[in-house]
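Before any comments, here is the structure.
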2 protein chains.
Amino acid sequence: MVSPSLPERPPSPPPAPITRRASPKRDALLGAARELFSRQGYRAVGIDTVLARAGVAKMTLYKHFGSKEELIAAVLTQVGEEISAALTARVAATSADGGPPLLAMFDWLEAAVRAPDFHGCLFIKAASEYPDPGDLPRQAAVAFKQNCRALLEQLCRGAGAANPEQLAGALHLLLEGALVLAFLQRDPQAAVDARRAAALLLEDEGIRAGLLCRASAATLH
Amino acid sequence: MVSPSLPERPPSPPPAPITRRASPKRDALLGAARELFSRQGYRAVGIDTVLARAGVAKMTLYKHFGSKEELIAAVLTQVGEEISAALTARVAATSADGGPPLLAMFDWLEAAVRAPDFHGCLFIKAASEYPDPGDLPRQAAVAFKQNCRALLEQLCRGAGAANPEQLAGALHLLLEGALVLAFLQRDPQAAVDARRAAALLLEDEGIRAGLLCRASAATLH
DNA sequence: TCTGGGATAGACAGATTGGTCTATCTCCAA
DNA sequence: TTGGAGATAGACCAATCTGTCTATCCCAGA
């Protein structure tokens with residue numbers, strides 16, 4: 001069987017409001033903010049805490065980011081780019097090995113929820129805490145999720161699904177559900193469950209490449 | 001075919017920290033808090049705003065609830081009880097009509113996300129904003145989700161699933177995923193997708209009672 | 001009418017918040 | 001060495017936050 005086509009790079013994220021250049025201070029801010037926001041939430045962490053953690057002065061923060069919301073949006077954009085790159089690489093590597101690219105998404109998911117710094121989905125949290133459509137964090141979160149959906153649809157088309165949008169919709173549900181339940185239950189089992197359910201749905205679509213050997217292995221556990 | 005057994009009432013929610021008695025002021029607080037927290041988030045809404053909306057004095061709030069967190073937890077407990085009751089009733093009504101109880105959960109979900117006051121899942125938001133395991137809002141959210149899981153497992157057993165825990169896990173993923181995507185996308189299509197995917201998974205389990213006629217209707221849309 | 005329980009308006013307290021700004025320092029390249 | 005860019009500590013600002021409390025009012029039942 002011919003391997004499904006490799007995915008192209010997802011669409012670019014929205015442009016950052018303030019010009020971005022390589023800057024150790026900016027990177028320190030993004031890193032500290034990411035860590036703190038991820039653990040404790042966005043509104044629960046004041047900028048003074050971010051500053052102390054990053055070792056950066058307040059004016060420097062406001063030089064790089066116009067507001068706290070822009071800092072948050074910048075964190076989300078950066079994280080989103082990293083995840084997109086990681087997913088794309090993972091899918092490409094899986095394809096090169098003759099495995100199922102769509103299930104590569106779920107392999108990435110499982111690794112992500114097992115990571116020690118997993119504290120739930122930064123994007124879901126951003127949209128929850130900044131729910132107004134005009135809020136930058138919500139916009140950045142929605143943009144990223146749309147990118148993920150586009151990647152899923154692309155992979156479904158590449159896999160020859162009869163209705164790629166519909167299948168992508170179902171798989172996306174499983175991904176999001178797993179992120180939420182892994183966070184709530186503090187247990188990566190949700191990601192394992194998601195992969196299994198995804199495999200079943202793919203099988204229903206008659207997408208069998210490389211599935212059976214992995215599904216059999218799961219059964220043996 | 002014999003209808004699956006009806007579900008018993010889910011386990012009781014955790015006890016409220018302060019004695020609850022019928023009280024118009026208390027109800028006003030819970031109602032106002034629910035509305036405001038649902039729309040804007042928990043930390044984004046100060047208690048003064050809740051008070052103004054409820055038409056209640058601050059001392060009265062602190063008489064009924066020891067802290068803002070307890071107010072939040074009480075809202076979640078109340079909402080959780082309402083949802084559990086609604087789900088149980090929905091499942092019972094569906095069973096009485098000879099329909100598939102498991103899919104009744106998804107019918108409820110679709111109605112919920114279509115409601116004008118749907119602003120995302122209050123429980124996911126609570127756990128996101130109060131992520132520490134000792135935080136009352138997180139505890140209340142996790143308790144509710146565990147109840148939902150237990151109900152799902154019970155229905156799966158009643159439906160004769162070969163592995164009810166596993167099937168319940170998959171269905172739970174779809175439910176949570178739909179809540180998140182309906183919120184992010186501001187589109188109830190996620191709930192429709194979830195129901196369809198659930199129907200497929202049930203079919204895979206050989207649980208067919210009443211499925212085909214509904215699935216065919218969905219196909220015609 | 002009187003009393004007790006429930007409720008009120010809002011002052012108070014200390015802390016925190018996001019953002020603005022001054023004066024000064026550091027570093028690097030020309 | 002000098003100048004410019006980048007960065008600093010931290011004061012300042014107005015607003016907001018959660019929770020505590022006083023003095024007072026209202027209502028229902030005895």
Side-chain angles (χ1 to χ4, degrees), chain A residues 16-34 36-37 39-76 125-126 129-132 134-138 140, chain B residues 16-34 36-37 39-76 125-126 129-130 132 134-138:
Chain A
I18 293 186
T19 307
R20 288 185 290 168
R21 294 185 313 240
S23 155
K25 293 297 181 174
R26 189 175 186 280
D27 290 341
L29 284 167
L30 289 173
R34 177 180 181 169
L36 291 164
F37 292 151
R39 280 187 185 274
Q40 296 169 41
Y42 298 96
R43 291 190 191 269
V45 177
I47 60 167
D48 280 346
T49 304
V50 175
L51 295 170
R53 181 130 189 154
V56 177
K58 196 173 288 189
M59 270 206 69
T60 305
L61 183 149
Y62 285 102
K63 178 179 173 184
H64 289 284
F65 311 99
S67 64
K68 183 179 178 181
E69 281 194 26
E70 286 187 22
L71 171 63
I72 294 170
V75 168
L76 293 175
K125 290 185 178 190
E129 292 199 46
Y130 294 88
D132 194 88
D135 292 337
L136 289 178
R138 187 187 219 278
Chain B
I18 293 185
T19 306
R20 289 185 288 169
R21 292 185 313 238
S23 155
K25 293 298 181 176
R26 189 176 187 280
D27 290 341
L29 285 166
L30 289 174
R34 176 182 182 168
L36 290 164
F37 291 152
R39 277 185 188 276
Q40 297 170 39
Y42 297 97
R43 291 191 190 269
V45 177
I47 62 167
D48 280 345
T49 305
V50 176
L51 295 170
R53 180 119 187 173
V56 178
K58 196 173 289 190
M59 271 206 70
T60 306
L61 183 149
Y62 284 103
K63 179 179 173 184
H64 289 282
F65 309 100
S67 65
K68 184 180 179 181
E69 281 195 24
E70 286 187 22
L71 170 64
I72 295 170
V75 167
L76 292 174
K125 291 185 177 190
E129 293 200 45
Y130 295 87
D132 194 87
D135 292 339
L136 289 177
R138 188 187 218 279

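FYI, side chains are in, hydrogens and waters are out, and symmetry mates aren't considered; it's all heavy atoms of this structure. Below, read A as the first sequence line, B as the second, and so on, with proteins coming before strands; counting in each chain starts at 1.
Evaluation of the salt bridge (charged side-chain N to carboxylate O under 4.0 Å, His left out) rule for Arg43(B) yields no partner, not counting sequence neighbours. With sequence neighbours excluded, no residue satisfies ring pair (Phe, Tyr, Trp, His ring centres under 6.0 Å) with Tyr130(B). With sequence neighbours excluded, the residues forming a side-chain hydrogen bond (donor to acceptor under 3.5 Å, both in side chains) with Lys58(B) are Asp48(B), listed by chain and number. In this view, Arg53(A) satisfies the side-chain hydrogen bond (donor to acceptor under 3.5 Å, both in side chains) rule with no residue, not counting sequence neighbours.
Here the closest non-hydrogen pair linking Val50(B) and Ala32(B) is O-CB, 3.8 Å. Residues Asp135(B) and Glu69(B) share a closest heavy-atom pair of CA-OE1, 4.0 Å.
Between Lys63(A) atom NZ and dT20(C) atom P there is a gap of 16 Å when expressed in whole angstrom units. Distance His64(B) NE2 to dG5(C) P: 15 Å, rounded to the nearest Å. Rounded to whole Å, atom P of dT20(C) lies 15 Å from atom CZ of Phe65(A). Across the protein-nucleic acid pair, Arg26(A) atom CZ and dT8(D) atom P stand 15 Å apart, rounded to whole Å.
Between Thr60(A) and dT8(D), a side-chain N or O to OP1/OP2 separation shorter than 4.0 Å is present.
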Atom pairs under 3.5 Å: protein N/O with N/O of nucleotides 17-21 of chain D:
residue: dT18(D); atom: OP1; partner: Lys68(B); partner atom: NZ; Å: 2.7
residue: dT18(D); atom: OP2; partner: Ile47(B); partner atom: N; Å: 2.8
residue: dG19(D); atom: OP2; partner: Tyr62(B); partner atom: OH; Å: 2.9
residue: dG19(D); atom: OP2; partner: Lys68(B); partner atom: N; Å: 2.9
residue: dG19(D); atom: O6; partner: Lys58(B); partner atom: NZ; Å: 2.8

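When each of Ile47(B), Leu30(B), Ile72(B) is checked for a side chain to side chain contact (heavy atoms under 4.5 Å, CB included) with Phe65(B), only Leu30(B) meets the rule. A side chain to side chain contact (heavy atoms under 4.5 Å, CB included) with Leu36(B) is found for exactly one of Arg39(B), Gln40(B), Arg34(B), namely Gln40(B).
Bending across the helix from dT1(C)-dA30(D) to dA30(C)-dT1(D), expressed as the angle between its end axes from five pairs apiece, amounts to 0° (10° rounding).
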